[in-house]
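Residue numbers start from 1 in every chain, and the chains themselves are labelled A, B, ... in the order their sequence lines are given, proteins ahead of strands.
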Number of protein chains: 2
Amino acid sequence: MDKELQAQIEAFKSYRIDKSPLEIIEHYRKDLQAIQDTLDIAAGRWKMQIIAILCNGEFRYSELQKGLPKISPRMLSKELKILEQNELVIRKVYDTIPVKVTYRLTDYGYTLVPLILELTNWGKMHRERIMKKEQ
Amino acid sequence: MDKELQAQIEAFKSYRIDKSPLEIIEHYRKDLQAIQDTLDIAAGRWKMQIIAILCNGEFRYSELQKGLPKISPRMLSKELKILEQNELVIRKVYDTIPVKVTYRLTDYGYTLVPLILELTNWGKMHRERIMKKEQ
DNA sequence: CTGAATCCGCTCGGATACTG
DNA sequence: CAGTATCCGAGCGGATTCAG
């Protein structure tokens, strides 16, 4: 695992050897654009967390609220609507009384799993690092 | 690669089988916190892109500006300062005339490489998908 | 060349109250 | 239960100008 990371880093560094900084930047434009594209979809404090929950299955609106205690209903419904528009989430209404609404990821939404995992892993590592420093 | 993704997704789904949504959410709190932690470090429109450039080596302030044509000097220096405070980036001043300043990642900064790669990959895939749909 | 200083609009996101 | 409506503050980020 760590070796893999080393390899990735070395790949970046070796890429650089025979190029000037400006050449590198030029060849790297598309990657930056790609990052920007991802950020456009996933921006904000909540979207990634919502997707992360939904990776685990189908959840009701109120269940999501319990998973994200600090989110206001306004934000939750707003974010869900955007995620639905981007075809990452499917909203399903059950015609019962009282109403029941569930959310789950589309297949496309599940393509974000690796990203979610990286976010989670790095966050955990970061927290450990902070803890150590404080002691 | 795609098989690996399938395996990851299945891992999520099978995890769910014998648990209620609320149990899942409860057990999942720490992961959400981790995601939040990462977002706190990487939030905003520019930080990830700056780190992505610096993955390729050492760059001067003006080179970074060329890599991110739309960033204002204010933002660039502000973001770099925060990244430096978080020990992701090292700032180095050369005592020449005119001054020369370079930025590069710390070893800790390089731990973000996998995340950067995922952001890039997903962004590229997403763009292809959008293109197809529009035709 | 590498920023710092100032001004400002906008949108993100929180709080609260209310509805079918 | 699953949202909507309304109000509001903070800060993100852009534009421009200036300085060491």
Side-chain angles (χ1 to χ4, degrees), chain A residues 20-22 25 32-33 35-51 53-54 58-86 89-104, chain B residues 20-22 25 32-33 35-51 53-54 58-86 89-104:
Chain A
S20 75
L22 291 182
I25 281 176
L32 290 184
Q33 182 61 53
I35 291 175
Q36 175 88 48
D37 290 345
T38 306
L39 261 39
D40 284 346
I41 299 291
R45 186 175 167 187
W46 298 114
K47 291 195 193 65
M48 280 301 186
Q49 293 190 63
I50 293 172
I51 294 170
I53 293 180
L54 294 179
E58 195 170 61
F59 289 84
R60 303 179 61 167
Y61 185 87
S62 51
E63 290 164 354
L64 288 171
Q65 271 189 315
K66 277 165 197 148
L68 304 166
K70 291 180 185 166
I71 199 173
S72 66
R74 183 181 113 87
M75 269 299 127
L76 182 52
S77 79
K78 195 171 149 193
E79 299 287 59
L80 284 169
K81 205 171 287 177
I82 295 174
L83 292 174
E84 198 188 350
Q85 281 168 10
N86 288 329
V89 163
I90 292 177
R91 181 174 182 271
K92 197 167 162 188
V93 183
Y94 294 83
D95 217 359
T96 56
I97 296 176
V99 203
K100 176 182 169 183
V101 182
T102 64
Y103 295 87
R104 62 185 171 82
Chain B
S20 75
L22 291 183
I25 282 175
L32 291 184
Q33 182 61 53
I35 291 174
Q36 175 87 49
D37 290 344
T38 306
L39 262 39
D40 284 345
I41 298 291
R45 188 175 167 189
W46 298 114
K47 291 195 193 67
M48 281 300 186
Q49 293 190 63
I50 292 173
I51 294 169
I53 293 180
L54 294 179
E58 196 171 60
F59 289 84
R60 301 180 61 169
Y61 185 86
S62 51
E63 290 164 354
L64 287 171
Q65 271 189 317
K66 277 164 196 148
L68 303 165
K70 290 181 185 166
I71 199 173
S72 66
R74 184 182 111 87
M75 268 300 125
L76 182 52
S77 78
K78 196 171 148 193
E79 300 288 58
L80 284 169
K81 203 171 288 177
I82 296 174
L83 292 174
E84 198 189 351
Q85 280 167 10
N86 288 329
V89 164
I90 291 176
R91 181 174 183 271
K92 196 167 162 185
V93 183
Y94 294 82
D95 216 1
T96 57
I97 295 177
V99 203
K100 175 182 168 184
V101 182
T102 63
Y103 295 88
R104 61 184 173 80

Task: For atom CG of Asp95(B) and atom P of dT2(C), their distance in whole Å - done: 14 Å

TODO: Rounded to the nearest angstrom, tell me the gap between atom NZ in Lys47(A) and atom P in dT11(C).
DONE: 14 Å

TODO: Check the distance between dG14(D)'s P and Leu68(B)'s CG and give it to me in whole angstrom.
DONE: 11 Å

Open item on the list: Any side-chain to backbone donor/acceptor pair from Tyr103(B) onto Glu84(B)? Under 3.5 Å, distance only.
Closed with: no

Open item on the list: Without decimals, in angstroms, what is the distance between Ile82(A) CD1 and dG13(C) C1'?
Closed with: 12 Å

Task: Interatomic distance, Glu84(B) CD vs dT2(C) P [rounded to whole Å] - done: 15 Å

TODO: Check whether any side-chain heavy atom of Leu39(A) lies under 4.5 Å from a side-chain heavy atom of Arg45(B), and answer yes or no.
DONE: no

TODO: Report the distance from atom CE of Met75(B) to atom C1' of dT6(C), rounded to the nearest whole Å.
DONE: 13 Å

TODO: Using a 4.5 Å cut-off on heavy atoms from C-beta on, say whether the side chain of Ile90(A) contacts that of Arg104(A).
DONE: yes

- [ ] Would you jot down, in residue-number order, the residues of residues 36-45 of chain A having a non-hydrogen atom under 4.0 Å from DNA chain C?
- [x] Gly44(A), Arg45(A)

Please tabulate, one pair per line, each protein N/O and nucleotide N/O from nucleotides 1-6 of chain D that are separated by under 3.5 Å, including the distance.
from, atom 1, to, atom 2, distance (Å)
dC1(D), O3', Arg60(A), NH2, 3.0
dC1(D), O3', Val99(A), O, 3.4
dA2(D), OP1, Arg60(A), NE, 3.0
dA2(D), OP1, Arg60(A), NH2, 3.1
dA2(D), OP1, Val101(A), N, 3.3
dA2(D), OP2, Ser62(A), N, 3.1
dA2(D), OP2, Ser62(A), OG, 2.7
dG3(D), OP1, Arg91(A), NE, 3.3
dG3(D), OP1, Arg91(A), NH2, 2.4
dG3(D), OP2, Tyr103(A), OH, 2.6
dT4(D), OP1, Lys81(A), NZ, 3.0
dT4(D), OP2, Ser77(A), OG, 2.9

TODO: Scan for side chain to side chain donor-acceptor pair (under 3.5 Å) pairs involving residues 69-79 of chain B, sequence neighbours excluded, and state none if there are none.
DONE: Lys47(B)-Glu79(B)

TODO: Have a look at Ile50(B) and tell me which of Val89(B), Ile82(B), Leu76(B) forms a side chain to side chain contact (heavy atoms under 4.5 Å, CB included) with it.
DONE: Leu76(B)

- [ ] Measure from CD1 on Ile50(B) to P on dG3(C) and round the result to the nearest Å.
- [x] 12 Å

Task: For the student: nearest non-hydrogen atoms of Arg60(B) and Val99(B), plus distance - done: NH2-O, 3.9 Å

Task: Side-chain heavy atoms of Lys100(A) within contact of Lys92(A), under 4.5 Å - done: no

Task: Whole-Å distance separating the NZ atom of Lys70(A) from the P atom of dA15(C) - done: 10 Å

- [ ] Flag the pair Leu22(A) / Lys66(B) as yes when at least one side-chain heavy-atom distance between them is below 4.5 Å, and no otherwise.
- [x] yes

TODO: Would you mind reporting whether Leu68(B) and Ile53(B) have side-chain heavy atoms less than 4.5 Å apart?
DONE: yes

